[in-house]
Amino acid sequence: MCGIVGYIGKRKAVDVIIDGLKILEYRGYDSAGLSVFDGKKIVTVKKKGFVGELEKNAEGLQGFCGIGHTRWATHGAPSDSNSHPHLSGKFALVHNGIIENFDDIKRQLKEKGKRFLTDTDSEAAVRLIDDMYEGDVLKAVCGAVKKMKGSFAFAILCKDFPDKVFVVKKQSPLVVGLGEGECFVASDCMAFSKYTDKAVYLKDNEVGVVDKDGLSLFDFNLNKKNFRTEKTDIGDDYRLSENCSSFMYKEIFESPKALQYTAADFFADTATQKQVIDIFSKHDKVIMLGCGTAYNACLVGKNVFEKMLDVDCETELASEFRYKNPKVNSNTLVIAVSQSGETADTIAAVKLAKAKGAGIAVITNVRHSSLTRFADVVLHTKAGAEVAVAATKSYLTQTLMFLLVATLLREGSKVSEEIKKQILKLPQTAEQALKFDALMQKYAKKHCQKQSVFFIGRGMDYALAAEGTLKLKEVSYIHSEGFAAGELKHGTLALIDKNALVIAIATQRNVAEKTVNALHEVTARGGKVILLTCFEKLKDTKGAEVILLPQTGGLLMTAPAIIPLQLFAYHMSVERGINPDKPRNLAKSVTVE
Ligand code: M6R
C-alpha cells in the first residue's frame, strides 16, 4: 500500500518520478505528490486523486533530484494536505507503512511546541527526524526510527544535501536501482526497470544514502553494511498496449502464457524439485495460508493435495492465523501463498509459524519479495507482472503450483512424460476458455443491475465459487457470496427470489449432480441460474443457462472454470461504469494490517 519513488541523476526528476508513480499506482491511488530540488529549494506538489492529477500540477518543475508518492490512505482521509510528501523544517519525506505509535510521538513533539498540519501518521515521522537533526541526516534518521513502532519505508530529502536521497526500511519494501550516473528508489523495481536492471533490495533495519554514483548502506547503529546487487528481469507486462485499456482484461488474456511459463519452469528446475521433495519428507502436516485470492488458491490447493496425496492438510486465512495460538511445530510445513510477497498479514503469519519451528515454503510471483526471506523453499510462479488490483493470472499460477508440487510428490522426481503432457496442455485449455469472452459480456449486459449474485459449488467447485464471488464483488461492487452448494438450503435459500442470480459450478464428477440439485432449488423459487459445467449430459439442465466448458479432467478444471468468471466480473465492472483496474478503497499490495 502506497508507492514510493525517488530519483537522483541527470534526467528531469519530475518526469522519472511521475512515470514511476504511474507504474506504482496499483499500490494505492487516492492521492499523489512529489518534492524536487529546483536548484535552490525543495518544491512540493501534492494532489488528491490519481497520479494524472499530480502530473498536470507538477508540469515544468525543474531539478534532478526528488521523491514521490502514490497513496492508499490509512490515517487521514484522501486530501491534498494528507498527501505525501510531508514536510518539516529542512525535510520532505514519503512513507509506505504505518507508524503505530504516531500519537505518542505527536504528543511529545506538540509539548515541545511543534505544529502538525495533517491527520497522518507519516507527518509524525518527518517532524521527529527534523526535531533530532543537528547536521547529520543519518544520525537524525536512525535516532528517530528507533523511537518508531510499526512498518516503514521512507525516502527523504534534506535541504542541506540537494544531491542525495536518504532511504530507510523496516517491513515495507524498498529497492534502489543503480544506473550510470543516476540512481532510483522505489517500492517495486518495476518503477525504474526501463532505466536499469541493477537493483539492491534493502533488508529490514537498514538505512542508506543514495546519490548519483550509488548507495551507501548502514544498520540503525550506523555500522556500514555490504549489499548484493541483483539483476531484475522485468518484462513489458506492466505497460498497456495501445489497443487495450484495462490491465485486468489484458492480464486475464495472459493466463495461457503465465500457466505455460510456470509449468515449464517448474519441470526444468530440478534443484527446486529436490528441495520440495526434501522438505515434504521432513514434515507430516501441511498448513496452506494466504489472504484474499491467495487464500482462495489455498482452498484449491487443499483439494488437490487431499485427492492426490496422503497428507494431513489445512488452510488458514493468514490474517486469522497470526492472532491464534496455532498448533504448529517442527513437523508442520506452512505453505504461504502471496502474489506480491509483501502482504503484511501473510508475512506475520509466516514469522509466527517459523518461530514455532515450522518449515516454510512460499509460493509467490515476486522473487525478491519480503516473504521469500523466511522461506526454506521458494516456488516462483511465472505469471509476469500483475498490475490490476484484481488477481487473475496469478491465481491460476498459484493453483497450478499446488498441482505441480502434488504431482511431483506423487510421482517422484521422474514425472512421466504423459502426465507432463497433460499439465502442459493447460495453457491450451485456458485459450479455449478465453473464447467465452463475448458470451460473458452478453451475460454482464443482461445482469449488471442485479443487487446480489451467489456462486455455488461443491468440493473443488466450492473453492472456485469462493474466488468467483471475490472477483465479482471487488470490481463490480455488487453484493455477492460464495456457498457450498449443499449449504443453500440451510439458510441462504431464504434470499433467493426472482431478482437473484446464482452461478453454479459443476466440474467435479462425484458432486456435479448434487450441485445441479441445489440449482433446481433455486430455479423453483424463481432465481436465475447460469451453470458452468464440463459435462455434456448437463448441457440441457432445465431452467439454467449452461456454459459448456472444455473437459480437462477434475483437478485441471481451475483454468477453464475460473477464466469465464474473471471475464464476467470484468464485464460487469465495465457495464456498471467502474474502472476494473482501480476499484474503490483497495490497493494491490496490502503491506499494512
Ligand atoms: O499479494 P497477495 O497475493 O498476498 O495479496 C493478497 C490479497 O490482498 C489479494 O489476493 C487480493 O485478495 C486480490 N487482489 C483480490 O483480487
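In listed order, ligands and their atoms are each counted from 1.
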Would a distance-only check, ignoring hydrogens and angles, find a side-chain to backbone donor-acceptor pair under 3.5 Å from T399 to A297?
->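 Flag not set: sc T399 to bb A297 has no pair under 3.5 Å.
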
Report the relative orientation of the aromatic rings in F305 and F280; use parallel for angles under 30°, tilted for 30 to 60°, perpendicular for over 60°.
->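 Ring orientation, 0 to 90° scale: tilted.
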
At a 4.0 Å threshold, what atoms of ligand 1 neighbour a non-hydrogen atom of [X]?
X: K471; answer: 15 (C), 16 (O)
X: A294; answer: 3 (O), 10 (O)
X: A390; answer: 16 (O)
X: G292; answer: 12 (O)
X: V590; answer: 8 (O)
X: S338; answer: 1 (O), 2 (P), 3 (O), 4 (O)

Is the closest heavy atom of E342 to ligand 1 under 4.0 Å?
->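 Flag not set, E342 not near ligand 1.
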
Is there at least one pair of N or O atoms, one from [X] and one from ligand 1, spaced under 3.5 Å apart?
X: V389; result: yes
X: T293; result: yes
X: E474; result: yes
X: Q398; result: no
X: V337; result: no

Considering non-hydrogen atoms of the protein only, which is the closest contact for [atom], and what is the distance?
atom: atom 3 (O) of ligand 1; answer: Q339 N, 2.7 Å
atom: atom 1 (O) of ligand 1; answer: S340 OG, 2.6 Å
atom: atom 2 (P) of ligand 1; answer: T343 OG1, 3.2 Å
atom: atom 6 (C) of ligand 1; answer: C291 O, 3.3 Å

Check whether any side-chain heavy atom of [X] sits under 4.5 Å from a side-chain heavy atom of [Y], and report yes or no.
X: M288; Y: C313; result: yes
X: T515; Y: Q508; result: no
X: E467; Y: I562; result: yes

Is a salt bridge present between K48 and E53, judged by a nitrogen-to-oxygen distance below 4.0 Å?
->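 Looking at E53 together with K48, the answer is no, because their closest N to O distance does not fall below 4.0 Å.
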
Are E316 and K324 ion-paired here, with the side-chain N under 4.0 Å from a carboxylate O?
->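 K324 and E316: salt-bridged.
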
Not counting sequence neighbours, which residues clear ring pair (Phe, Tyr, Trp, His ring centres under 6.0 Å) with F253? List them please.
->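 Y249.
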
How about F455 and F483: are their ring centres within less than 6.0 Å of each other?
->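 No, too far apart.
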
Is NZ or CZ of R584 both nearer than 6.0 Å to the six-membered ring centre of Y477 and within 45° of the ring axis?
->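 Judged by the rule, R584 and Y477 form a cation-pi pair.
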
